[in-house]
J.: 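The structure that follows is given in the form of structure tokens.
Counting begins at 1 with the first residue of the sequence. Only heavy atoms go into these numbers, but all of them, side chains included; no hydrogens, no water, no symmetry mates. Just so you know, these numbers come straight off a predicted model, no measurement behind them.
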Amino acid sequence: MPRQNKSRSAKGTGMIRKKNVKKQDGTIYTYWEARYTAGYDPGTGKQIQRSITGKTQREVSQKLKEVLYELDQGTYQAPCRLTVKDWLETWETEYTGDVKPSTAYVYRRNLDMYVVPYLGAVKLEALTAPMIQSLYNRLLKPEKGRGALSAKSIRNVHGVLHKVLQQAVLVGYLRHNPSDACKPPRAERKEISPLDESHVTAFLQAIQGHPHEYLYKIDVFTGLREGELLGLTWDCLDFDRGTLLVKQQLRRHQQKGGTYYMDSTKNSKCRVLTLAPSVIHLFRLQKVKQNGMRVKAGDLWTENNLVFTNETGGYLSYRTVYDCFKRIMAKIGSPATRVHDLRHPYVKHTTKKYN
């Protein structure tokens with residue numbers, strides 16, 4: 001009777017053998033292994049030997065047949081030994097150089113917080129759609145140390161994970177993207193609460209004499225996004241022609257203690273606005289006000305050429321603008337309105353005007 005662990009081979013089928021491994025507790029673990037030649041190393045000319053393992057001879061034999069067929073058809077891809085975590089780290093380092101720092105931070109945060117703890121140890125080539133779907137379903141429910149994620153947040157996780165896995169397909173680590181077959185939860189579109197005419201009137205009355213009076217008024221009458229407004233510099237304004245060049249926005253690095261920086265606009269395109277004389281007048285009033293702030297600050301003033309600044313010429317924080325705005329809106333009976341909603345009356349007006 002032949003020994004069970006003796007190698008056997010046949011033409012075109014590679015080599016299959018049974019292997020016995022003794023564990024530390026003395027028990028014997030048995031599995032089957034197939035060896036095949038995947039090609040030749042272009043540098044040394046030596047054969048590239050690879051192996052396939054499985055619990056049964058039949059399983060390994062079937063896998064081997066599939067590999068040999070792919071080699072014959074020229075569709076073979078070498079197995080990827082990376083774990084999901086390994087590939088995520090590679091992707092973050094090598095494939096996010098063309099995105100904005102704030103976007104890269106969000107990508108990294110979503111992957112590190114919600115993907116790595118659950119799927120990081122899984123072999124990349126073994127990752128399946130049911131595994132990913134199970135993750136999404138799990139994130140919908142609260143767990144110890146973590147609350148339930150909203151449908152929108154889970155869709156954001158899905159979006160970046162899909163990008164990561166699609167890149168793995170492009171470089172040949174995966175045959176297909178397993179997240180294609182997943183269904184993240186449907187997110188309900190958040191209701192916009194734009195100001196109607198009565199609220200606009202109440203708002204304009206409420207901010208008379210407020211430290212950010214001209215900022216809020218200019219926002220209402222130009223439709224600028226908050227970051228664009230805070231990133232305005234005086235050289236973007238042409239008082240004689242009555243135009244405003246919108247070319248950048250103020251951003252802040254999202255990690256704790258993040259600093260402010262200038263970035264391109266949301267769609268990375270500049271635009272020129274033609275301003276009404278009343279809006280030009282608001283900018284003139286802001287300039288007069290800022291000159292007074294500069295004199296008061298004296299040597300503490302930092303010149304950044306910004307239209308809207310804090311008391312010493314530095315960046316005006318999002319949080320300051322937000323907190324003041326919410327207090328005003330609560331006072332006029334519209335607490336759900338966001339700073340971003342200030343631009344909608346302007347957008348709605350210009351859409352009607354030019355359509």
J.: Is it true that Glu311 and Arg294 have a side-chain N and a carboxylate O under 4.0 angstrom from each other?
T.: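 Judged by the 4.0 Å cut-off on N to carboxylate O distance, Glu311 and Arg294 do not form a salt bridge.
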J.: Mind running ring-ring contact (aromatic ring centres under 6.0 Å, His included) on Tyr107 and Tyr105 for me, showing each step along the way?
T.: CA-CA 5 Å; Tyr107 286 168; Tyr105 172 80; over 10 Å; no
J.: Look up atom NE2 in His212 and atom SG in Cys324, then write down how far apart they are to the nearest 0.5 Å.
T.: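 The NE2 atom of His212 sits 4.0 Å away from the SG atom of Cys324.
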J.: Verify, without hydrogens or angle tests, whether Thr201 (side chain) and Glu197 (backbone) share a donor-acceptor contact under 3.5 angstrom.
T.: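 Here the side-chain-to-backbone pair exists.
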J.: Look up atom CZ in Arg327 and atom CD1 in Ile332, then write down how far apart they are to the nearest 0.5 Å.
T.: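 Here the interatomic distance stands at 14.5 Å.
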J.: Can any side-chain N or O of Glu125 pair as donor or acceptor with the backbone N or O of Tyr173 at less than 3.5 Å?
T.: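 No; judged by distance alone, with no hydrogens or angles, the pair does not exist.
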J.: May I ask you to decide whether Asp235 forms a salt bridge with Lys247, counting only side-chain N to carboxylate O separations under 4.0 Å?
T.: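 Yes.
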J.: Does the Asp238 side chain pair with the main chain of Gly242, one donor and one acceptor, at a distance under 3.5 Å?
T.: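 Flag not set: sc Asp238 to bb Gly242 has no pair under 3.5 Å.
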J.: Aromatic ring centroids of Phe203 and Phe325 under 6.0 Å?
T.: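 Yes, close enough.
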J.: Is Tyr318 reaching over with its side chain to a backbone N or O of Leu250, donor-acceptor style, under 3.5 angstrom?
T.: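 Answer holds: yes.
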J.: Looking at Glu33 and Lys18, is any side-chain nitrogen of the basic one under 4.0 Å from a carboxylate oxygen of the acidic one?
T.: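 A salt bridge is absent here (no side-chain N lies under 4.0 Å from a carboxylate O).
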J.: Starting at NZ of Lys289, measure out to CG of Leu282 and round the result to the nearest 0.5 Å.
T.: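 If I round to the nearest 0.5 Å, the distance is 12.0 Å.
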J.: So, the side chain of Asp219 versus the backbone of Tyr216: is there a donor-acceptor pair under 3.5 Å, distance only?
T.: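 Here the side-chain-to-backbone pair does not exist.
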J.: Looking at Trp301, Trp234, Tyr214, which hits side-chain hydrogen bond (donor to acceptor under 3.5 Å, both in side chains) with Gln290?
T.: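 Exactly one candidate clears the test, Trp234.
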J.: With under 30° as parallel and over 60° as perpendicular, where do the rings of Trp87 and Tyr95 fit, or are they tilted in between?
T.: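 Correct class here is tilted.
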J.: If the threshold is 4.0 Å, N to carboxylate O, is there a salt bridge linking Glu66 and Lys63?
T.: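 Salt bridge absent between Glu66 and Lys63.
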J.: Are the side chain of Arg251 and the backbone of Tyr260 linked by a donor-acceptor contact shorter than 3.5 Å?
T.: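 No, Arg251 side chain to Tyr260 backbone: no donor-acceptor pair under 3.5 Å.
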J.: Is there a continuous path of hydrophobic side-chain contacts, each under 4.5 Å between heavy atoms, that joins Tyr69 to Leu71?
T.: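 Tyr69 does not cluster with Leu71.
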J.: Would you call Lys55-Glu59 a salt bridge at under 4.0 Å N-O?
T.: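 Judged by the 4.0 Å cut-off on N to carboxylate O distance, Lys55 and Glu59 do not form a salt bridge.
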